[in-house]
Student: 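Before anything else, here's the structure in question.
Note on naming: letters A, B, ... go to the chains in the order of the sequence lines (proteins, then strands), and numbering restarts at 1 for each one. As the structure is a computational prediction, the values presented were derived from the model and not from experiment.
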Protein chains: 2
Amino acid sequence: MSLEHAILGFLNYIPLTGYDLKKAFDASVHHFWPADQSQIYRTLARLTEQGWVEVKVIQRENRPPRRVYSLTEAGQEELRCWLTSLLPPEDARIPWLVQVFFAGLLSDDEILAIFERVAKQLRAKLQRAHKIPEESAAYVEAVGSPRETFFWMLTLDYRIKIMEAELAWIEDAIKRLQRKDQPPAEQQQ
Amino acid sequence: MSLEHAILGFLNYIPLTGYDLKKAFDASVHHFWPADQSQIYRTLARLTEQGWVEVKVIQRENRPPRRVYSLTEAGQEELRCWLTSLLPPEDARIPWLVQVFFAGLLSDDEILAIFERVAKQLRAKLQRAHKIPEESAAYVEAVGSPRETFFWMLTLDYRIKIMEAELAWIEDAIKRLQRKDQPPAEQQQ
DNA sequence: ATATTATATATGACCAATCCTATAATAGCA
DNA sequence: TGCTATTATAGGATTGGTCATATATAATAT
């Protein structure tokens, strides 16, 4: 499971609390692996049971204890093992394509309106994605080595390339719908 | 939820049993929305409760009854409504990128081996995807109108375009790793 | 002075999806 | 004759993830 191993990955850099981990996720990998706060805490508990991480509890009066997690040797091994494993090919789950698949039921004008709307949404997302490297530059410099940064930027590049491909696809689809070189909408009531 | 609406979509074409629906999913939308058999049955039960579909139970001696589901008017309305709705932007969940993000921990040779392996897997998947239209040609002709087929093929085209972009990205990453124009792997024990 | 945000952990309820299993008859094949 | 695939429905257990909420203090902003 990826959440588990992402946590191991972060703890491999440096010991962290659950709270710190949440911030680390939000600042870097959340583009391809968002993490829920409560899930992080529960997963940390599981990882501790499994012996892959260990806790140092720092008591503080009148406040919840600060629980700082660090990787054990077993955890390091597990991380290494998972990183070199070939993951089973994911089967995609893309709600938007379900809409496209059944779009024939709608009129061409309705479909065009929807496609344009989605294209617009995508363009905005792409623009935001392009800005991420600059925005997180300070954080990147502070936190990561050049090597770590290289792979971070690789993952960002992936997201951008995929979004560009999505945009190209939808723009092409719009053109085809406008040119009416697709089968006409027949007998709609 | 997309499973619900995909079922409504299929039942909008023609009344079907849970079993038929499973076959319909596997023959078409499973590329972007795989459906578990038991989940289809459970969802049909929920949809019936909600009044979006209705059942005609055909009793047969000594066998489980054949339950044929069809869309109600409320179901048709719901489907139309959902098809024209703007879905909230999904946040991706890509386990493979978690591996990439933490790959810095491995040696360049290990990383290259993994990337090549993934590229190979992708190329095989792409080739298979290219063959789908021909393979399902008979089914498509039998089942769908030209208009329905158009949108079906659009969804296939999406998958192919995305996979091509993924492949281009990973091939570029491999080149960069080979050219060593990325930061070197420092002090690995 | 007051309200909000940040720090920090944790539980309960819930949901979609997966996996496994049970049932039971028929059709086709070896 | 016996084996497997097909037709057909369905429930239990589990997992991964989400949402809401509770608690409690310090720092910061209005």
Side-chain angles (χ1 to χ4, degrees), chain A residues 1-8 10 15-27 29-30 32-50 53 55-69 82 87-95 98, chain B residues 1-8 10 15-27 29-30 32-50 53 55-69 82 87-95 98:
Chain A
M1 204 257 294
S2 300
L3 212 220
E4 279 183 357
H5 294 96
I7 289 178
L8 296 183
F10 281 120
L16 295 168
T17 68
Y19 188 83
D20 296 333
L21 272 167
K22 172 62 176 160
K23 282 197 290 185
F25 270 88
D26 289 348
V29 301
H30 82 115
F32 50 90
W33 205 273
D36 185 78
Q37 173 260 124
S38 63
Q39 209 196 345
I40 288 175
Y41 282 99
R42 268 189 265 251
T43 303
L44 280 170
R46 195 164 7 106
L47 290 173
T48 311
E49 263 180 69
Q50 233 154 62
V53 303
V55 212
K56 204 172 280 173
V57 182
I58 296 160
Q59 292 294 343
R60 297 170 303 169
E61 340 76 72
N62 297 328
R63 280 214 265 174
R66 234 178 97 88
R67 305 169 64 85
V68 182
Y69 292 86
W82 183 79
L87 298 177
E90 285 286 292
D91 35 22
R93 210 168 271 286
I94 309 162
V98 178
Chain B
M1 204 258 294
S2 299
L3 212 221
E4 279 183 356
H5 294 95
I7 288 177
L8 296 183
F10 281 120
L16 294 169
T17 68
Y19 188 82
D20 296 333
L21 273 166
K22 173 62 175 159
K23 281 197 291 185
F25 270 88
D26 289 347
V29 301
H30 83 115
F32 49 89
W33 204 274
D36 185 77
Q37 173 261 126
S38 62
Q39 209 196 345
I40 288 175
Y41 282 100
R42 269 189 264 250
T43 304
L44 280 170
R46 195 166 5 105
L47 290 173
T48 311
E49 262 179 70
Q50 233 154 63
V53 303
V55 212
K56 203 172 278 174
V57 183
I58 295 161
Q59 292 294 344
R60 295 169 304 168
E61 338 77 71
N62 298 329
R63 279 213 268 171
R66 233 178 100 86
R67 303 169 66 85
V68 182
Y69 291 85
W82 182 80
L87 297 177
E90 285 287 292
D91 35 21
R93 208 167 274 286
I94 309 163
V98 179

Student: Calculate the interatomic distance between B:Leu16 atom CG and D:dT7 atom P; express it in whole Å.
Tutor: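 In whole Å, D:dT7 P lies 14 Å from B:Leu16 CG.
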Student: Looking at C:dA16, I'd like to know if its phosphate oxygens (OP1 or OP2) sit under 4.0 Å from a side-chain N or O belonging to B:Gln39.
Tutor: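 For C:dA16, OP1/OP2 do not have a side-chain N/O of B:Gln39 under 4.0 Å.
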Student: For A:Lys22 and C:dT7, give me the distance from atom NZ to atom P, rounded to whole Å.
Tutor: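 Computing the A:Lys22:NZ to C:dT7:P distance gives 13 Å.
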Student: Using the C1' atoms of the five pairs at each end, what is the angle between the end axes of the helix from C:dA1-D:dT30 to C:dA30-D:dT1, to 10°?
Tutor: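 That helix has its two terminal axes inclined by roughly 30°.
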Student: Find the distance between CZ (A:Arg93) and CZ (B:Phe32) and round it off to the nearest 0.5 Å.
Tutor: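 A:Arg93 CZ to B:Phe32 CZ: 11.5 Å, rounded to 0.5 Å.
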Student: Kindly determine whether A:Leu8 and A:Tyr69 satisfy side chain to side chain contact (heavy atoms under 4.5 Å, CB included), including the steps that lead there.
Tutor: CA-CA 10 Å; A:Leu8 296 183; A:Tyr69 292 86; over 6 Å; no
Student: For B:Ile40 versus B:Gly18, what's the shortest heavy-atom pair and its separation?
Tutor: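 Looking at all heavy atoms of both residues, the closest pair is CG2-O, 4.0 Å.
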Student: Of the nucleotides C:dT9, C:dA16, D:dG17, which one has an atom closest to the side chain of B:Met1?
Tutor: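 The answer is C:dA16, which lies nearest to the side chain.
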Student: In terms of the nearest nucleotide of DNA chain C, which residue is placed more toward the 5' end: A:Val68 or A:Arg93?
Tutor: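 Mapping each residue to its closest nucleotide by heavy atoms, the 5'-most match is A:Val68.
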Student: Using a cut-off of 4.0 Å between protein heavy atoms and nucleotide atoms, how would you tag nucleotides 10-15 of chain D 5' to 3' with B, S and -?
Tutor: BBBB--
Student: Whole-Å distance between C:dA16 C1' and B:His5 NE2?
Tutor: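 Rounding to the nearest Å, NE2 of B:His5 and C1' of C:dA16 are 14 Å apart.
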Student: Provide, to the nearest angstrom, the distance between the CZ atom belonging to A:Phe25 and the P atom belonging to D:dT18.
Tutor: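 Nearest whole value for this atom pair: 11 Å.
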Student: Give me each pair satisfying side-chain hydrogen bond (donor to acceptor under 3.5 Å, both in side chains) with a member in residues 39-50 of chain A, each pair once, sequence neighbours excluded.
Tutor: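 Residue pairs with at least one partner in residues 39-50 of chain A: A:Glu4-A:Arg46.
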Student: With DNA chain D as reference, determine whether B:Thr17 or B:Asp91 sits nearer its 5' end, using the nearest nucleotide of each.
Tutor: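 Closer to the 5' end of DNA chain D: B:Thr17.
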Student: Please report the distance, rounded to the nearest Å, between CD in A:Glu90 and P in C:dT18.
Tutor: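 To the nearest whole Å, that distance equals 11 Å.
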Student: If the condition is side-chain contact (heavy atoms from CB on, under 4.5 Å), which residues does A:Ala45 pass it with, not counting sequence neighbours?
Tutor: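 Once residues adjacent in sequence are excluded, A:Ala45 has no partner under the side-chain contact (heavy atoms from CB on, under 4.5 Å) criterion.
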Student: Given atom CZ of A:Arg66 and atom C1' of D:dA26, what is their separation to the nearest angstrom?
Tutor: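 To the nearest whole Å, that distance equals 14 Å.
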Student: Would you please name every residue forming a side-chain hydrogen bond (donor to acceptor under 3.5 Å, both in side chains) with B:Thr17, sequence neighbours left out?
Tutor: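 Here the qualifying residues are B:Asp20.
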Student: What are the two closest heavy atoms between B:Trp82 and B:Ser2, and how far apart are they?
Tutor: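 Residues B:Trp82 and B:Ser2, closest heavy atoms: CZ2-OG, 3.9 Å.
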Student: Taking only side-chain N and O atoms of A:Lys23, does any of them lie within less than 4.0 angstrom of OP1 or OP2 on C:dT7?
Tutor: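 For C:dT7, OP1 or OP2 has a side-chain N or O of A:Lys23 closer than 4.0 Å.
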Student: Any donor-acceptor pair under 3.5 Å linking the side chain of B:Lys22 with the backbone of B:Ala35?
Tutor: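 Side chain of B:Lys22 to backbone of B:Ala35: a pair is present.
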Student: Please confirm whether the shortest side-chain N or O distance from A:Tyr19 to OP1 or OP2 of C:dT7 is below 4.0 Å.
Tutor: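 Result: yes.
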Student: Not counting sequence neighbours, which residues clear ring-ring contact (aromatic ring centres under 6.0 Å, His included) with A:Phe25? List them please.
Tutor: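 Testing A:Phe25 for ring-ring contact (aromatic ring centres under 6.0 Å, His included), a comparison that skips the adjacent residues, returns A:Phe10.
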Student: Figure out the CG/C1' separation between B:Leu44 and C:dA16, and round it to whole Å.
Tutor: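 Roughly 15 Å, once rounded to whole Å.
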Student: Rounding to an integer number of Å, can you tell me how far B:Asp20 CG sits from D:dT9 C1'?
Tutor: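 Checked: the CG to C1' distance equals 12 Å.
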